[in-house]
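Beneath this line is the structure, given in structure tokens, with notes to follow.
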Amino acid sequence: MTETRRFEVDRIPFHLHWQEQSPFKETYAGALDTIVVEGQHLKPRGTDSKTVLIFMHPTGTMNLLPMPNALAAAGIPCLTCASRYPHNDTALIMEKVLLDLGQYVRYAKEKLGYEKVVMAGWSGGGSLSMFYQAEAEDPRITETPAGDPVDVKGAGLIPADAVLQLAAHVSRAITLTEWLDASILDEFDPSRRDADLDLYDPANPNGPPYSSEFVARYRRAQIDRSAKIDAFVWQKLDDLKKQGMPNEEFAFVVHGTMADPRWLDLSIDPNDRKGPNWCFMGEPRVVNMMPAGLARYCSLRAWLSQWSFRHSRADGPKCAGRISVPALVVENSADDACTPSHAARLMAGIGHNDKEFHVVKDATHYYIGQPEKMAEAVSIVKGWLEKKNLLG
């Protein structure tokens with residue numbers, strides 16, 4: 001592999017703010033109708049590129065992640081963008097994250113002067129970038145899944161010129177559902193379990209390697225559990241409306257969110273990942289109930305928008321079918337978060353032929369301790385952008 005020139009990078013913090021009408025505030029403190037978001041402009045010195053890559057995750061901040069920094073060091077300008085819900089997705093509404101992302105795209109074009117914008121969807125930013133591009137090209141949404149008004153359709157979202165899917169997962173809702181602990185019978189008492197579905201019970205006769213029949217049963221039970229939480233949420237929202245409190249909320253805990261058979265059985269969705277008994281956050285049995293688990297703390301509206309298998313609209317493969325711009329999908333073969341079926345589903349969802357797929361052999365999700373794998377991924381991205389005349 002040809003050695004890539006390394007650029008010095010200026011890290012330029014910036015913030016955006018705008019007015020947005022809402023009957024209630026879902027982020028902590030600040031003026032009711034003022035939205036403030038923060039990002040960083042990773043600007044390589046000595047380049048005059050007219051193209052910028054935009055990295056955004058629904059709740060994470062990507063300023064220090066390896067990929068955008070490595071791309072900037074390779075001479076490609078990047079924006080790392082936080083939503084209005086940084087590091088706290090308790091009340092996150094995916095439709096409003098689209099509005100935030102739209103502000104960054106407009107800022108990149110109208111204030112920074114970039115002529116071309118590429119959505120760089122890394123990890124949880126993958127389905128977000130597909131969701132954004134679908135609504136920018138074909139705007140439809142006027143309300144959240146809970147029925148609250150949100151004018152995505154009238155927001156004038158500017159479409160990107162291309163979409164990257166880098167170690168990306170298919171969606172927050174689908175990923176959560178595939179990680180849900182199907183053995184939990186009572187959302188308010190997670191000790192009540194179906195022993196035959198408890199992956200972490202050593203007495204469970206259904207152990208790895210799992211039969212296809214068991215996996216199918218387990219997957220059905222995961223979807224059923226998601227639907228039960230849906231029913232609870234809809235009932236709560238209906239009760240609040242009947243009590244004359246349509247803007248009230250109710251926070252709840254979702255227990256058991258890292259119980260996917262693939263973490264215990266490497267023959268399921270196989271790749272080069274570490275294991276068994278491992279996921280990207282550590283030992284899955286511990287992660288399953290830890291405070292920082294996926295979707296652990298949630299509001300009613302946030303559940304429907306970002307976590308509900310049935311109701312969340314941020315479905316990467318479905319949204320991919322609505323985009324017309326070139327797309328690149330890069331899979332890391334030792335990824336212990338986004339296993340191969342994620343990249344395959346995203347690739348299959350893209351409805352046109354201007355798409356390309358690459359695998360970085362033995363690369364993990366974060367490329368920790370793998371500078372050569374990071375360099376390979378950067379080379380793939382840069383080569384593709386050049387081939388598509390997206391680097392000016």
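Only heavy atoms go into these numbers, but all of them, side chains included; no hydrogens, no water, no symmetry mates.
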Kindly say whether D362 contributes a backbone atom to a donor-acceptor pair with the side chain of Q370 at under 3.5 angstrom?
yes

Are side-chain heavy atoms of H15 and V37 found at a separation under 4.5 Å?
no

Run the salt bridge (Lys or Arg N to Asp or Glu O under 4.0 Å) test against D354 and tell me which residues pass, sequence neighbours left out.
K388

Is a side-chain N or O of S308 found less than 3.5 angstrom from the main chain of D230, in a donor-acceptor match?
no

CD of E386: more than 12 outside heavy atoms within 6.0 angstrom?
yes

Please list all pairs passing the ring-ring contact (aromatic ring centres under 6.0 Å, His included) test where one or both residues lie in residues 366-392, with sequence neighbours left out.
W122-Y366

Establish, from distance only, whether the side-chain atoms of D181 and S183 form a donor-acceptor pair under 3.5 Å.
yes

What pairs meet the ring-ring contact (aromatic ring centres under 6.0 Å, His included) rule with one or both residues in residues 338-357, with sequence neighbours excluded?
none

Does the side chain of N271 come under 3.5 Å of the side chain of T339 through a donor N or O and an acceptor N or O?
no

Judged by atom type as modelled, is there a donor-acceptor pair below 3.5 Å linking the side chain of S129 to the main-chain atoms of G125?
yes

Verify side-chain contact (heavy atoms from CB on, under 4.5 Å) between V253 and R296, making sure each step is shown before the conclusion.
CA-CA 5 Å; V253 175; R296 186 68 77 240; 3.9 Å; yes

For S305 and E95, which I'm curious about, is there any donor-acceptor pair between the side chains at under 3.5 Å?
yes

H311/W234 aromatic ring centres below 6.0 Å:
yes

Measuring only between side-chain heavy atoms, which start at C-beta, is E20 closer than 4.5 Å to T34?
no

Should K361 and E331 be marked as a salt bridge (Lys or Arg N to Asp or Glu O under 4.0 Å) after you check the CA-CA gap, both sets of side-chain angles, and the distance that decides it?
CA-CA 9 Å; K361 179 69 174 173; E331 173 192 325; over 6 Å; no

A side-chain contact here means heavy atoms from C-beta on lying under 4.5 Å apart; do V360 and I380 qualify?
yes

Identify all side-chain donor-acceptor contacts of residues 145-160 below 3.5 Å with residues at least two apart in sequence or on another chain.
| from | atom 1 | to | atom 2 | distance (Å) |
| --- | --- | --- | --- | --- |
| D148 | OD2 | R301 | NE | 2.6 |
| D151 | OD1 | G154 | N | 2.7 |

For a 4.5 angstrom cut-off between non-hydrogen side-chain atoms, does V329 reach E356?
no

Applying salt bridge (Lys or Arg N to Asp or Glu O under 4.0 Å), can you list everything that pairs with E135, at least two apart in sequence or on another chain?
R322

Taking C-beta and beyond as the side chain, do V325 and E137 meet within less than 4.5 Å on heavy atoms?
yes

Run the side-chain contact (heavy atoms from CB on, under 4.5 Å) test against F214 and tell me which residues pass, sequence neighbours left out.
L197, L199, N206, Y210, S211, Y218

Any side-chain heavy-atom pair of I54 and V105 under 4.5 Å
yes

Does a donor on one side chain sit under 3.5 Å from an acceptor on the other, for D315 and S171?
no

Note, I93 side chain near Y85 side chain (heavy atom, < 4.5 Å):
yes

Quick check against the 3.5 Å criterion: does N277 have a side-chain atom that pairs as donor or acceptor with the backbone of L264?
no

Side-chain heavy atoms under 4.5 Å apart, restricted to Ile/Leu/Val/Met/Phe/Trp/Tyr: what other residues fall into the cluster of V36, or is it alone?
none

Starting from the C-alpha separation in whole Å, work towards a yes-or-no answer on salt bridge (Lys or Arg N to Asp or Glu O under 4.0 Å) for K242 and D238.
CA-CA 6 Å; K242 288 178 179 177; D238 188 55; 3.0 Å; yes

Check: N288 side chain, M258 main-chain N or O, donor-acceptor pair, under 3.5 Å:
yes

Treating Ile, Leu, Val, Met, Phe, Trp and Tyr as nodes and any side-chain heavy-atom pair under 4.5 angstrom as an edge, say whether I174 and M130 lie in one connected cluster.
no

Per the salt bridge (Lys or Arg N to Asp or Glu O under 4.0 Å) rule, what does the pair list look like for residues 29-52, sequence neighbours excluded?
D10-R45

Taking C-beta and beyond as the side chain, do V97 and Y132 meet within less than 4.5 Å on heavy atoms?
no

Pair D260 + R219, salt bridge at N-O below 4.0 Å
yes

Apply ring-ring contact (aromatic ring centres under 6.0 Å, His included) to the pair Y104 and W18, showing each step before the final yes or no.
CA-CA 12 Å; Y104 285 113; W18 64 93; 7.8 Å; no

Residues two or more places apart in sequence or in another chain: which of them pass side-chain contact (heavy atoms from CB on, under 4.5 Å) with D201?
A195, D198, A203, N204

Give the intermediate values and the outcome of salt bridge (Lys or Arg N to Asp or Glu O under 4.0 Å) for residues R84 and D100.
CA-CA 7 Å; R84 69 185 73 185; D100 300 349; 2.7 Å; yes

Can you list the steps and then say if S267 with D265 is a side chain to side chain donor-acceptor pair (under 3.5 Å)?
CA-CA 5 Å; S267 70; D265 184 348; 2.6 Å; yes

Show, in sequence, the C-alpha distance, side-chain angles and deciding distance for W307 and S312, and conclude whether the side-chain contact (heavy atoms from CB on, under 4.5 Å) test is met.
CA-CA 6 Å; W307 301 123; S312 177; over 6 Å; no

Check whether any side-chain N or O of S333 sits under 3.5 Å from a backbone N or O of D272 as a donor-acceptor pair, and report yes or no.
no

Please confirm whether the backbone N or O of V163 pairs with a side-chain atom of Q133, one donor and one acceptor, at under 3.5 Å?
no

Please confirm whether the backbone N or O of L180 pairs with a side-chain atom of Q222, one donor and one acceptor, at under 3.5 Å?
yes

For S123, enumerate each residue passing the side chain to side chain donor-acceptor pair (under 3.5 Å) test, keeping only those at least two apart in sequence or located in another chain.
H365

By ring-ring contact (aromatic ring centres under 6.0 Å, His included), F188 pairs with (sequence neighbours left out) F232

N69 side chain vs L65 backbone, donor-acceptor pair below 3.5 Å
yes

In terms of hydrophobic clusters joined by side-chain contacts under 4.5 Å, are L101 and M62 together?
no

Return all side-chain donor-acceptor pairs below 3.5 angstrom for residues 107-115, not counting sequence neighbours, or 'none' if the list is empty.
| from | atom 1 | to | atom 2 | distance (Å) |
| --- | --- | --- | --- | --- |
| K109 | NZ | E115 | O | 3.2 |
| E110 | OE2 | R106 | NH1 | 3.0 |
| Y114 | OH | H41 | NE2 | 2.8 |

Salt bridge R217-D194, side-chain N to carboxylate O under 4.0 Å
yes

With a 4.0 Å cut-off on N to O distance, would you call R262 and E178 a salt bridge?
yes

May I ask you to decide if A295's main-chain N or O and T257's side chain share a donor-acceptor pair within less than 3.5 Å?
no

Yes or no on salt bridge (Lys or Arg N to Asp or Glu O under 4.0 Å) for D186 and R192, after CA distance, side-chain angles and deciding distance?
CA-CA 6 Å; D186 186 340; R192 292 191 59 237; 3.6 Å; yes

NZ/K228: more than 12 non-hydrogen atoms of other groups inside 6.0 Å
yes

Are F131 and V170 connected in a single hydrophobic cluster, I mean Ile/Leu/Val/Met/Phe/Trp/Tyr linked by side-chain heavy atoms less than 4.5 Å apart?
no

Would D239 and Q243 count as having a side-chain donor-acceptor pair, cut-off 3.5 Å?
no

Exactly one of V254, T177, L185 should register a side-chain contact (heavy atoms from CB on, under 4.5 Å) with R225. Which one does?
V254

